[in-house]
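See structure below.
Letters A, B, ... mirror the listed sequences (proteins, then strands); counts begin at 1.
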Amino acid sequence: MNPIETLDSPGYDIPPEMRGQVNITTIDRIYNWSRKNSLWPMMFGLACCAIEMICTAASRYDFSRFGMEVMRPSPRQADVMIVSGTVTKKMVPQIVRLYNQMPEPKYVVAMGACASGGGPFKEGYNVVSGIDKFLPVDVYIPGCPPTPQALLHGLMTLQKKVEKESIKTSRWYSRRPVPPIPVPVLGPDLMSPAKFEEIREYTRKLAEEQAQGVEGDQSTQDAGQGGAA
Amino acid sequence: MTDHESTLTTRHGDLLPDWVVADSRPGYEGVIVPVSRLIEFAFLLRDKLGYDLLSSVTGVDYLPDGKMEVVYHALQTIGGAPFVFKVQVPREDPIVPSVVPVWPGADFQEREAWDLLGIRFEGHPDLRRILMWEGFEGHPLRKDWKEPYYEEDAKPYKSRWPEGHVRRAEDVAPLHDNVQYPPGFDPESWTPDGDEALYRGLRKYLEDSGSELKTDRLIVNLGPQHPSTHGVFRMVVVLDGETIVDLKPVFGYLHRNHEKIGERCTWIQNMPFTDRLDYISSMSNNFGYALAVEKLMGIKPPERAEYIRVMMAELTRIVSHLVAVGFLLNDLGAFFTPVLYALEERELILDIFEAVSGSRMMCNYFRFGGVARDLPEGVLERVRDLVENRLPRKIDEIDRYLTKNEIVRTRCEGVGVLTAERAIALSATGPVLRASGVPYDLRRADPYSIYDRFEFDVAVRYHGDIYDRYLIRLDEIRQSIRILKQVLRDIPEGPVISGKPQWQVRVPTGESYGRVEGPKGELGFYVVSNGKPNPWRYHVRAPSFINLHTLAEMARGGKVADVVVILGSIDIVLGEVDR
């Protein structure tokens, strides 16, 4: 659709002599129109997908056509975080912190299989199975790694999402500020602060099982290893 | 005397002491050294036999025998095959003397063996975890350590094949997530260790500032989110004003558990994972792994496949060096424009990879005994056009724009100097070693595949500074083009894979170390087979990781702005550093 058409709301009568000089639109439309054409990604690469992200920024694919060429290394100046690669447990506290530091409105694009759900490395002991375990993801892009075309399509999908938003319903314009996402802690394994209660319940049960197992048989080893059971 | 023992004797005469015994297990090579005399042997090997560069150190957990083995691969920078020696210790509380006093380049690799296998290296100057964080529970590569999503010991899993029903790992795991905790653990009472151990090592610098001016010393973290660190790499630097007093790299932010996953996959299933190690040069990684397994299987690829392999490996080298040069300029402050020039050429080569393998970056093209499929029509002509016309012109263009540029010269000449002695001691390989004046290139020093047929020069530069490391990459691109021309001239017709394609190969018992001259340095794959469909041990000797030993050496005494460029000149890829 022609961008002017989407902007113009012809619900009002404009006198013939003023047509072409005066446009009437809604706040939402003009605001979203300008926002979606200047989505600044954060310059932040995690793994293989980051190379394809750089290629998308380079001359052949060139996402500056969509107003996205301004990649900012600082989260304070970024609108969209492209999680480009495998999210590891060691890295996830930093990613959550970076997300918390981004000003609102902010968006997250999970680029590639790893960021979407762990990908080929899902079973790894240091791998988080998808960034959506911690951050709200707006667009998932499949692929390992997604081609630059796929990334462009994902970003255009995000633009469409931005277009449909309304100031009235967006969570960042509500009266109360959106609370930051609690930063995960690195303990014996990755711990999400929201899940402390669940973890305690689980380890208590494990300890009980182990106490019983000592009298019984050798299966305590397996129980201690969690997933083996 | 077995064959194996006689080769040892012919190579080293009677210089090998009688207290080392040849490794007599079928399929194994090298010697076994008693733990108590390891250091003595290491000195002998280095000083008497001339094995001056310790290439690889890794551990193998032989759970059924109750043994932990540490495997060393040492090499002579004058060329030749590596010398393999091992020590064996009991699995419970394994302690091995550290060889860091002999070869400082063992530092990170011993830390890795401690982190992942729990082998304690006595006398190591800084034995901390390296890939996982301090406080992590367990040593993941030990065979009896199970991860939270553990399903079975070996793939293919019964749940997928032959029954073919899949449950999500989240639904099966007790906490519905990829986490596990020791029994009775209370998260509230956990005090994170953080980087206390790391900072403790650096705090000594804060106390004595030595200079006449009263200055404060600062500990500054660069990374893991930093625009110039080539990914999620972190450097902790101690600064005196602008000057770097000491630097410690911190790894593991992209530790994707290649080795644990690799020991569960079947042999061929590992091939796509090797793509994702050094994700800029996937074809080279395929090459190394294929060589290692082919050595065990005792097969050789047909002629045409050999030529295709060399062609792909050299194209990969061009890609990798172009990217390295582009991003080096990025680090110098010439933001993105030089990269655009580099990526333009890279895209053309990626088109060839896509035509050949179906994927731009993750090619997964090599197979044991050949390559996956023949070249499609028209690819040879495209490569010829690139090699004959476009690339030489474009390399000259980059050369003309950058080499004499005054800013490049001022910032690079004489900065980040690494001497030949230190480069060898710190186990540097690849362009980093050759820019310091050591003409060690595996393609000449220990030729693999068909590299002995080609005419090319080993690029070498002598100043060991950033400028030479930049120039050597241009030199190597030119040599690669030279090799490619010969490949295009000589490539024969014929089959591209020996035998029929198999999805489950039979690999005889034994160990093997396949190494190639990757774009970043010596890329080695150490694999151990016990005759099963999965490798018992799968270890990657990652050149980016080991070349990082030299970072602190080059950065000390330099300015903080230079450290970024020094890192760029080593040319690391985090997928390979952290694996």
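- For chain A, the nearby parts of B:Tyr253 are the backbone and the side chain; heavy atoms of each come within less than 4.5 Å.
- Contact of B:Tyr341 with chain A is not made at all, since no heavy-atom distance falls under 4.5 Å.
- Considering only heavy-atom pairs separated by less than 4.5 Å from chain A, the leading option among B:Leu254, B:Leu340, B:Leu131 is B:Leu254.
- Note that NE2 of B:His255 is 9.0 Å distant from OG1 of A:Thr88, once rounded to the nearest 0.5 Å.
- Comparing A:Glu201, A:Arg204, A:Glu198, A:Lys122 by how many heavy-atom pairs each has under 4.5 Å with chain B, the most go to A:Lys122.
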Show me, pair by pair, the donor-acceptor contacts under 3.5 angstrom made by side chains of residues 95-102 of chain A, not counting sequence neighbours?
unit_1   : atom_1 : unit_2   : atom_2 : d
A:Asn100 : OD1    : A:Ile181 : N      : 3.0
A:Asn100 : ND2    : A:Ile181 : O      : 2.8

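- Here the shortest heavy-atom pairing between B:Pro174 and A:Tyr202 reads CB-CE1, 3.7 Å.
- Checked for salt-bridge contact, B:Glu344 and A:Arg60 miss the test: no charged N lies under 4.0 Å from a carboxylate O.
- Per-residue heavy-atom pair counts under 4.5 Å with chain A were compared for B:Met132, B:Glu137, B:Lys260, and the maximum is reached by B:Met132.
- Expressed to the nearest 0.5 Å, how far CZ of A:Phe121 lies from CG of B:Asn257 amounts to 8.5 Å.
- Between the side chain of B:Trp190 and the backbone N or O of A:Met191, no donor-acceptor pair lies under 3.5 Å.
- Closest non-hydrogen pair, B:Phe251 versus A:Lys90, comes out as O-NZ, 2.7 Å.
- Proximity of A:Tyr61 to B:Glu347: side-chain heavy atoms (C-beta onward) are separated by under 4.5 Å at one or more points.
- Proximity to chain B (any heavy atom under 4.5 Å) is restricted, for A:Val185, to the side chain, taken from C-beta onward.
- To the nearest 0.5 Å, atoms CG (A:Leu206) and CD (B:Gln180) are separated by 9.5 Å.
- By a heavy-atom distance cut of under 4.5 Å, A:Met43, A:Phe44, A:Gly45, A:Leu46 are the residues of residues 35-46 of chain A near chain B, going up by number.
- Contact of the B:Met362 side chain with the A:Pro145 side chain is registered, since non-hydrogen atoms from C-beta on lie closer than 4.5 Å.
- Between chain B and the options A:Ala47, A:Pro188, A:Gly187, A:Ala58, the largest number of non-hydrogen pairs under 4.5 Å is found for A:Pro188.
- Of all heavy-atom pairs between B:Asn178 and A:Ser129, the closest is CB-OG, 4.1 Å.
- Only the side chain of B:Arg360 comes within contact range of chain A, with heavy atoms under 4.5 Å apart.
- A:Cys48 and B:Met361 make their closest contact through O-CE, 3.6 Å (heavy atoms, listed as atom of the first residue, atom of the second, distance).
- When every heavy atom of A:Asp189 is checked against every heavy atom of B:Pro148, the shortest pair comes out as OD2-CG, 4.3 Å.
- The candidate from A:Ile54, A:Ile199, A:Val87, A:Asn126 with the greatest count of non-hydrogen atom pairs under 4.5 Å with chain B is A:Asn126.
- Of the two parts of A:Glu123, the backbone and the side chain both hold a non-hydrogen atom closer than 4.5 Å to a non-hydrogen atom of chain B.
- Aromatic ring centres of A:Tyr125 and B:Tyr149: separated by at least 6.0 Å.
- With chain B as partner, the option from A:Ala50, A:Pro75, A:Pro120, A:Pro193 having the largest number of non-hydrogen pairs under 4.5 angstrom is A:Pro120.
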Hey, mind stepping through B:His176 and A:Lys133 against side chain to side chain contact (heavy atoms under 4.5 Å, CB included) and telling me if it holds?
-> CA-CA 11 Å; B:His176 308 294; A:Lys133 298 249 185 247; over 6 Å; no
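- Here the shortest heavy-atom pairing between B:Arg346 and A:Ile51 reads NH2-CG2, 3.5 Å.
- Counting heavy-atom pairs closer than 4.5 Å to chain B, the top residue among A:Leu190, A:Val92, A:Val128, A:Leu186 is A:Leu186.
- Summarising the geometry, atom CG belonging to B:Asp578 is positioned 11.0 Å from atom OG1 belonging to A:Thr86; distances are rounded to the nearest 0.5 Å.
- Listed by chain and residue number, A:Lys195 satisfy the salt bridge (Lys or Arg N to Asp or Glu O under 4.0 Å) test with B:Asp177 (two or more places apart in sequence, or in another chain).
- When the side-chain contact (heavy atoms from CB on, under 4.5 Å) test is applied to A:Asp132, the partners found at least two apart in sequence or on another chain are A:Val137, A:Tyr140.
- Between the SG atom of A:Cys144 and the CZ atom of B:Arg276 there is a distance of 3.5 Å, given to the nearest 0.5 Å.
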